[in-house]
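Residue numbers begin at 1 in each chain, while the letters A, B, ... track the order of the sequences. Values below: all heavy atoms of this structure, side chains included; hydrogens, waters and symmetry mates excluded.
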Amino acid sequence: MRQKETYNPPAPVSKAEQKIYSEVYDVLLLGMLVSTVLFAFGLVLALIHPHFIPLTRDYVLKDYNAAYFFRGLITLRPSAYMMLATLLLILTPVLRVLISIYAFFSEGDHKYTLVTGIVFLVIVLTVLLGRLGLK
Amino acid sequence: MPYTLFFVGLLLFAAIVAGFFGALLGVGGGIFIVPVMVLAFHLPMKIAVAASLVSVIATSNAGGSSYVDQHITNLRLGMYLEIATTIGALSGSILALYLKDWLMLLIFALMLAYLCYTAFATRNLDDRRIALGDFSRARQDRLSAYLNLRGSYHDEAANRKVDYVVSGTPEGTGIACLAGLSSGLLGIGGGVLKVSAMNAYMNVPMKVAVGTSKLMIGVTAAVGSILFFMAGLIHFYVVAPVAVGTTVGATVGTMVMNRMHSASIKWLFAVLMAYLAYGMFAKALVIRFHVHFPVLM
């Protein structure tokens, strides 16, 4: 392979990319920090009164109720804080995808708006399949 | 599960160790923490996989940020490959909902055996190629050219700017999809598959491959986690110590990693993974056929 034919100079990093780089950094780090603190808080709450915890799906699904969840936050129920931390952790990368879509779109980069848009569609599809009640 | 200070403390400690060694080897903690949860803590496979997958997001955030900050991560390449990894992760986690525990254990054992093999086999050819300026000379395929997949970063070890263009996009995409599948099915990051796909097939320098893989792991694991969450498989009391432990372990491990010679300790990890593979294999046989293999401990 001869160098002259195939050498491509590297693309300059666009403004949109620089913006994403810095925003991604903040989003990822913040999400991790806050969720770790929430998990740790939930753990401390749980260990104040050690008890037996069933490993069944029903025990987990008990928390899937908005009113019960928010009441749990007020009454300092450990699982409510752990659930909040889990949700936050899961949503951090999703938020990152949304920021990227916005940044590429505002820069007029249609190719990458489409690429990141497809990634977001896969996430939406996952939620829809989950709602369908697999298993 | 008795939720006492002793039990939680042990699980937390195991997660810290798994996260630490995972970061040292650059594989994430999932590959260690799932076998530990199943073999040592006797947790059900699916709960272990779901808990590990959530903690994988945290470790990806922990190490990934520094790569993003240093512009080692190729954002466009990551975004593009995420299409493949998320589709793979969705398929893998759907599979995980329906597969029997013993089959998942068996597949996990096979994955460990494969990683054990790659830990032995990988040689870092990057240094020579960086010195020759080799990475900028590959021929871009049409998809790579269309998506403008190329970049440059400052390599501190070689002390020079390294330019590269991405080639072999179709093959790399296929393997990225497989990596996503293994992530959703087994609760691991699948980083090893992604890194080797980018480095071996797509002409991406090792450090860029690692940084880009880390960025993708977050979204990939999030897709599987969403499905597990909605299915009620994420047990919050299991996730909490595992996520905190792996995050702490991975953060410390990433800081130490740059100062260590990975080649000299790789054989140790290979032995460890072979041991865990044996354990998972033996457990699968116990569950399915009630055949007891001798326990090596």
K.L.:
Going by heavy atoms in the side chains, are B:L215 and A:R96 under 4.5 Å from each other?
P.N.:
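Yes, at least one pair of side-chain atoms sits under 4.5 Å.
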
K.L.:
Do A:V115 and B:I83 come close enough that some side-chain heavy atom pair is under 4.5 Å?
P.N.:
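When only atoms from C-beta onward are counted, B:I83 and A:V115 do touch, with a gap below 4.5 Å.
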
K.L.:
Quick one: are A:Y59 and B:F236 in side-chain contact, heavy atoms under 4.5 Å?
P.N.:
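Answer no - side chains too far apart.
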
K.L.:
Looking at chain B, which one of A:L33, A:L38, A:I118 has the largest number of heavy-atom pairs inside 4.5 Å, strictly under?
P.N.:
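Most heavy-atom pairs under 4.5 Å with chain B: A:I118.
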
K.L.:
Non-hydrogen atoms of chain A under 4.5 Å away: do they reach the side chain of B:V8, the backbone, both or neither?
P.N.:
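The side chain, not the backbone.
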
K.L.:
Identify the two heavy atoms, one from A:T36 and one from B:V244, that lie closest to each other, and give their separation to 0.1 Å.
P.N.:
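Result for this residue pair: O-CG2, 4.0 Å.
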
K.L.:
Heavy atoms only, distances under 4.5 angstrom: which of A:L55, A:V122, A:L61 has the most pairs with chain B? Name it, please.
P.N.:
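With the most close heavy-atom pairs to chain B, the winner is A:L55.
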
K.L.:
For A:T116, enumerate each residue passing the side-chain contact (heavy atoms from CB on, under 4.5 Å) test, keeping only those at least two apart in sequence or located in another chain.
P.N.:
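With sequence neighbours excluded, A:T116 shows a side-chain contact (heavy atoms from CB on, under 4.5 Å) to A:S100, A:I101, A:F104, B:M79, given in chain and number order.
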
K.L.:
Taking all heavy atoms of B:M230 and all of A:V127, pick out the closest pair and write down the distance.
P.N.:
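Looking at all heavy atoms of both residues, the shortest contact is CE-O, 3.6 Å.
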
K.L.:
With a 4.5 Å limit on heavy-atom distance, are the side chains of B:N148 and A:K111 in contact?
P.N.:
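B:N148 does not reach A:K111 side chain to side chain.
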
K.L.:
Checking B:T85 now: which residues fulfil side-chain hydrogen bond (donor to acceptor under 3.5 Å, both in side chains) with it, not counting sequence neighbours?
P.N.:
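Residues passing side-chain hydrogen bond (donor to acceptor under 3.5 Å, both in side chains) with B:T85: B:T220.
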
K.L.:
Pick one of side chain, backbone, both or neither for B:V238, based on which atoms fall under 4.5 Å of a heavy atom in chain A.
P.N.:
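Interface part for B:V238: side chain.
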
K.L.:
So which residues of residues 73-86 of chain A are in contact with chain B at a heavy-atom cut-off of under 4.5 Å?
P.N.:
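Listed by number: A:P78, A:S79, A:M82, A:M83, A:T86.
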
K.L.:
Quick check on A:V97 against chain B: is it the side chain, the backbone, both or neither that has a heavy atom closer than 4.5 Å?
P.N.:
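Just its side chain gets close to chain B.
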
K.L.:
Measuring heavy-atom distances to chain A, does B:F7 have an atom under 4.5 Å in its side chain, in its backbone, in both, or in neither?
P.N.:
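Neither the backbone nor the side chain of B:F7 comes within 4.5 Å of chain A.
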
K.L.:
Of all the residues in residues 42-49 of chain A, which have a heavy atom that comes within less than 4.5 Å of a heavy atom in chain B?
P.N.:
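Interface residues of residues 42-49 of chain A: A:L43, A:A46, A:L47.
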
K.L.:
Taking C-beta and beyond as the side chain, do A:V60 and B:Y237 meet within less than 4.5 Å on heavy atoms?
P.N.:
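A:V60 does not reach B:Y237 side chain to side chain.
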
